[in-house]
Number of protein chains: 4
Amino acid sequence: MKNGTTHLFVPGPTNIPDAVRRAMNVPMQDMRAPDYPELTLPLFADLKKVFRTESGVVFIYPGSGTGAWEASISNTLNRGDRVLMSRFGQFSHLWVDMAERLGLVVDCVDVEWGEGVPVEEYQRRLGDDKRGEIKAVFVTQNETATGVTSDVAGVRRALDTTGHDALLFVDGVSSIGSIDFRMDEWGVDIAVTGSQKGLMLPAGLGILAVSEKALEAHKQSRMERCYFSFEDMRASFTTGFFPYTPPTQMLHGLRAALDLMLAEGLDNIIARHHRLAQGIRQGVHAWGLRLCAKEEKWWSNTVSAIVVPESIDARQVIANGYSKYRTSFGAGLSKVAGRVFRIAHLGDLNEVMCLAALASAEMSLRDAGARIEPGCGVAAAQEWYRAEIARDLQSLRECAA
Amino acid sequence: MKNGTTHLFVPGPTNIPDAVRRAMNVPMQDMRAPDYPELTLPLFADLKKVFRTESGVVFIYPGSGTGAWEASISNTLNRGDRVLMSRFGQFSHLWVDMAERLGLVVDCVDVEWGEGVPVEEYQRRLGDDKRGEIKAVFVTQNETATGVTSDVAGVRRALDTTGHDALLFVDGVSSIGSIDFRMDEWGVDIAVTGSQKGLMLPAGLGILAVSEKALEAHKQSRMERCYFSFEDMRASFTTGFFPYTPPTQMLHGLRAALDLMLAEGLDNIIARHHRLAQGIRQGVHAWGLRLCAKEEKWWSNTVSAIVVPESIDARQVIANGYSKYRTSFGAGLSKVAGRVFRIAHLGDLNEVMCLAALASAEMSLRDAGARIEPGCGVAAAQEWYRAEIARDLQSLRECAA
Amino acid sequence: MKNGTTHLFVPGPTNIPDAVRRAMNVPMQDMRAPDYPELTLPLFADLKKVFRTESGVVFIYPGSGTGAWEASISNTLNRGDRVLMSRFGQFSHLWVDMAERLGLVVDCVDVEWGEGVPVEEYQRRLGDDKRGEIKAVFVTQNETATGVTSDVAGVRRALDTTGHDALLFVDGVSSIGSIDFRMDEWGVDIAVTGSQKGLMLPAGLGILAVSEKALEAHKQSRMERCYFSFEDMRASFTTGFFPYTPPTQMLHGLRAALDLMLAEGLDNIIARHHRLAQGIRQGVHAWGLRLCAKEEKWWSNTVSAIVVPESIDARQVIANGYSKYRTSFGAGLSKVAGRVFRIAHLGDLNEVMCLAALASAEMSLRDAGARIEPGCGVAAAQEWYRAEIARDLQSLRECAA
Amino acid sequence: MKNGTTHLFVPGPTNIPDAVRRAMNVPMQDMRAPDYPELTLPLFADLKKVFRTESGVVFIYPGSGTGAWEASISNTLNRGDRVLMSRFGQFSHLWVDMAERLGLVVDCVDVEWGEGVPVEEYQRRLGDDKRGEIKAVFVTQNETATGVTSDVAGVRRALDTTGHDALLFVDGVSSIGSIDFRMDEWGVDIAVTGSQKGLMLPAGLGILAVSEKALEAHKQSRMERCYFSFEDMRASFTTGFFPYTPPTQMLHGLRAALDLMLAEGLDNIIARHHRLAQGIRQGVHAWGLRLCAKEEKWWSNTVSAIVVPESIDARQVIANGYSKYRTSFGAGLSKVAGRVFRIAHLGDLNEVMCLAALASAEMSLRDAGARIEPGCGVAAAQEWYRAEIARDLQSLRECAA
């Protein structure tokens, strides 16, 4: 059972491209050498392209996306600040929890799991906040637990419409680099991501992009912080040196990953994620199952949370995949434990890998008792992929002609 | 089109396990150091287990399987020697060609491609050879071009029945370590293999196992040879040192590959290859297509050569797989070019990888115009794999109870 | 100038053994898979051996040693708590700075750079603190900036002598796993280390060992924290699962590094570091130079800070090493910038590597104008190493006899 | 004793640059894929630059330099052909031995070990060969066993002076890519090399460059051959496909190695080898020892064979290096066993690595009883390297000014 490739379809860490693995396999080097910034400075510059920001500043922390969440809060807000958040899955829940533990007063809008950020409710509350008590609005762009993508641009419009000047924080851990995200255009003040999703690296880096407005807010922030403080880390962005030892091998991997991403083109990456996701969804619908994401507008292009039939335990599906078919699916977390399993489809992925995911899921579902016709999900996705790839090649031919 | 894993289903080089890739990534070392044999001697010992020989001697040449073919001939025969061979595919053809170029007189039995070694005809000819002019009988155990496995034990019986004492040479390049092979039990005198098939390494090593009888014949052999000569290389088997610089990184990889193989167990490996192959064949039959191998007794458990419908060009199927679906299938060679494409299923492989092969082949076939129901091959294989794995788990449970 | 190996003698990241680099080169895997703890749980168990604790609990954070410093404070103390610290180099300085920024009231004893923790002064102050206002005593066991090792056991005795029950915090980032450290025997409450020094990994992990007493104090701690909070991370120690995505590749590397360390034996590692360091020091003395560490009792076995002659700028020595001889030495930091350069000698290192360091330093010093006889430092170290190795072999022979 | 880097100073395999090791760590790929030649064709083109030939054709064999020796003979000559060779070390001896075993009639000039090809004697014999019976003249450009470099251009002049049209064969295994070699300018007909020396790869490839004249001779060659035959392999040079499975990972490594070499520039590489070798020789002379190479004109820039004092056994020196100091030196072979040990200085190497070699050799010699002043060889080499590097930097500055 241990032969061959492990089929990894969890939403992070994602599959690492071979070129990235190779790039990380380096001997150590002096992080204070005069030419060290030749490695680091271009990383900051290229990450800005991924965040689609020109005016923002990028921070790279040894840590994780969770650490970057903390950095976003502890550097720009103060204990007792009121913030507007919403909760509709495990990761939006955890960010709320963090905000409260760090001393913020959270106006939390609870939304049914399967939906996303309630833009209208946000707009109503912002409109009601005549005294400007809300210091920041938080958006989980892609709720990894339920496969729901929220409307960041909509939240920006809500802020603009109400003339509210709260900061706009976005958790883009499982979206940035895979799903459309536009920091400058959408007026995002802090965008948070990590290395182990769309950036196709192992876990180990928490990454922030910070607007000038957020840097201004930072000057008023009095929360205790040290490891994650902007003060210490900010120089890294301009000098290329870090205040404490950076994981150099990860930076080499980031270089390779950014090279791959820039070569493919961010728009192409986003289009590819849509295509691959759509194939997975075709498969799910062919099975007669539905996504946790309630409406098409919420469908995530990086992860699909699939609701299993009533009589089935999703945990059994996942256990079957892992123990019988060398396949790792994502579990249903918290409220949806046992009710959903997740197929992640982000990062270094192609069509046949997605078909393998569906084929493995079909067996895992059938073994768990689901009445699904063998091969039907694969077939639906195959036809979608064939048509899409044919269309692409046709476009290429027409361009060339 | 360059994202994600390449799906590699060519019959060599096969997919390399991660542990083997890691093991090969070594700094160089002194091949005359006193502890170098600690690396090499156990390799010879463990390769004997793979060949299933106790009395044989193993030779490891920097080179390829083709080089090992040459070593087998040039070390044991003489120019003008008569040998009995058969030809039923590109690789049996090439061995005949080599034998002739090296100066042997080849009694070549041409057999229709899709069949294997003609045991009865061999027996007839051996019986007719009253003067013992036939010095060696050659068997291509697994003809990689057509996916045909021949009956080595049958040829041994033919020799025994006729009381003929010719040497028995076996090309086991695409069978040894994957398909049942028993050097001692079947009285094989020289068995040839390479590193890039069942041994799950890159190409770069040609490997021979040689019986005492063949070593005896060696003493009478007067062919010019140097690089491949047993004289120079033989000491390596006992001292652990090589007459010229060995590819040390390959030897470390071989160590890791043998460790994996011994841990899985040769019988289990053979059973797994049968299971995986059977799933592929279920898929082929569900498509309504047939194998190049004409009868079930010839079916190879390491590679399936699939005959495409009359109206289709197999080259187009392969081109579709490669350019659209990042999948490498084997081409039809020589006589069967354009008529067959091949799915290799040997080495480091599991069920879901085989389903990916079938899913990709279905798309590639349909794109080439074949009328195949999407998903039908996948479905057939899924059901086979599910049943087999369930049965295995049941056995395990019963053993434990 | 870019050929061959870079000679890396900075005090972190240290040279990574090939086996560790190989072990980190893994495909990603599901960090919630049922067998994931088979990787992680033994890591915690074996790290306890490195810390020499049986009752302590180990925490592994994605981050750095600086992060682990912060974790130690924010989890066990409260804003306004009084702590006793001393400052005699850049890293002890930074820990003081952090403590203040996190809201502690620091009784800071400033000591001349080149000396270590002032045990007698600590004892005096603890004795004076009749009301037990000092909640914790901090010790930088090895001040990396000056190459000074302090007397942790002495501080424990000071606490015991005065009957003071403050917590004892030790920064062992550049000592643990290289220089004698005994958590349980010395009654250390929190020991901090990182991955990129004696553990021979890249940077990326901050590691803590925490005593039961410190865990008790944790219950009273009300500092805001989330990423580094013991609450979230503590379960990892017992379940093997992490609250956020761990850098799995680092954990595989840690496995390999611990395997190497346990095979060598902690006492042997400590003895080796002493031997290697002593050779470096022989070389320094042969040059007629002195260490920044003022007395032999402060000499560090992991890093030597070498005071250059008055007329020389140590920065030039370092620049020469880097630009001419592909050698990375550590810089003098802050107060000793320009006055010292550092040769780190910890981790995966052997005698000839140390001789290379000395040879390269001699050239770099001479190029900077120092009047040092070529080869004299190398010669002194050679004779020391020869004698030591001969003595070892003699012991081995006697044991065998 | 197993900590840190192994110090590898054997003349092959040489140290592999990290970039090359990384490049070889690839998943396998289809060697018949339409884009495979994108990898292979530029390798042939760039190897021509290394051989300094425009009209020659390059062959890459899975094998070793020994295999390439065989390919050179069996493809262009006939049994019974008379050839002119000379013997002055283990490798020139082995080539003579091979020529005889392959059926050539060898006119062998035996020369004292420590000297090289006897150009005048060659010229005399060629002049005497009025009937043109000598079909080929062989030159071992760099005799690895004795560290002797011969005068290939001189042999060409001897051929030209005598108007002899024999083919000129050169064994450049330990010289090409490190020591000046000019195929076209010197009218070399076949140049032989391997992957594991100046090309900085592991062993595994035998490489030939073949002139048009040699290809013409090939048409008349009737020696039996198959694996090494030009016929089968020649197409690879134009199509990029190989007649049997090539070691793809080695080809990726070759790509990386050639990239490094072309970036450094062949002239710079040759100059660097001279500089490094000269430092080693300064060290040897400072010890009061002499090279096996009798005169300066024979001194090899890739390997120094050092004659130990009468009372010393060179085997003990080598054993000391290996067992005590993790250093691999080359042994004295055959006639000079016990009398010389060798320091190889080719491939991916820098000054400090050479100093490490000398430092380690000094200890190993002293442990074996040699009366050598500690550090004296290191000191001599240091001063040479310092001066050379200073001169380089000065030139660079002047260029920039």
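Just so it is clear, the model here is predicted, and its values are computed rather than measured. Within every chain, numbering begins at 1; the chains are lettered A, B, ... in the order of the sequence lines, protein sequences first and strands thereafter.
Annotation: maximal heavy-atom pairing with chain A below 4.5 Å, among C/I16, C/L8, C/V10, occurs at C/L8. Note on A/E70, A/R22, A/Q196: by heavy-atom pairs under 4.5 Å with chain C, the leading option is A/E70. Interface remark: of the candidates A/S328, A/P202, A/G330, A/S229, A/P202 forms the most heavy-atom pairs closer than 4.5 Å to chain C. Annotation: maximal heavy-atom pairing with chain C below 4.5 Å, among A/I73, A/L205, A/V26, occurs at A/V26. Most heavy-atom pairs under 4.5 Å with chain A, from the set C/G206, C/G204, C/P62, C/S64: that is C/S64. Per-residue counts of heavy-atom pairs under 4.5 Å with chain A were compared for C/Q29, C/M250, C/R79; the largest is that of C/R79.
Using cut-offs of 30° and 60° on the angle between ring planes, the pair A/W95 and A/W69 is parallel. Ring pair C/Y61/C/Y227 is tilted by interplanar angle, where 30° to 60° counts as tilted. The aromatic rings of C/F9 and C/F329 lie parallel to each other, with less than 30° between the two planes, well short of the 60° mark.
Contact of C/F91 with chain A is made through the side chain alone, with heavy-atom distances under 4.5 Å. Heavy atoms of A/R101 lying under 4.5 Å from chain C belong to its backbone as well as its side chain. Only the backbone of A/T14 comes within contact range of chain C, with heavy atoms under 4.5 Å apart. Interface remark: A/T248 contributes no atoms to any contact with chain C (heavy atom separation under 4.5 Å). A/M223 does not touch chain C: none of its heavy atoms, backbone or side chain, sits under 4.5 Å away. For A/M98, the parts sitting under 4.5 Å from any heavy atom of chain C are the backbone and the side chain alike. Within the 4.5 angstrom heavy-atom criterion, no atom of A/T6 approaches chain C.
The shortest non-hydrogen separation linking C/F228 to C/N75 is O-ND2, 2.7 Å.
A/Q90 is listed as a side-chain neighbour of A/L94, based on a closest heavy-atom distance under 4.5 Å. Looking at heavy atoms from C-beta onward, C/M31 lies in side-chain contact with C/P246 at the 4.5 angstrom threshold. Put simply, the side chain of C/D171 does not reach to within 4.5 Å of the side chain of C/F169, judged on heavy atoms. Counting heavy atoms from C-beta on, the side chains of A/D348 and A/L260 never come closer than 4.5 Å.
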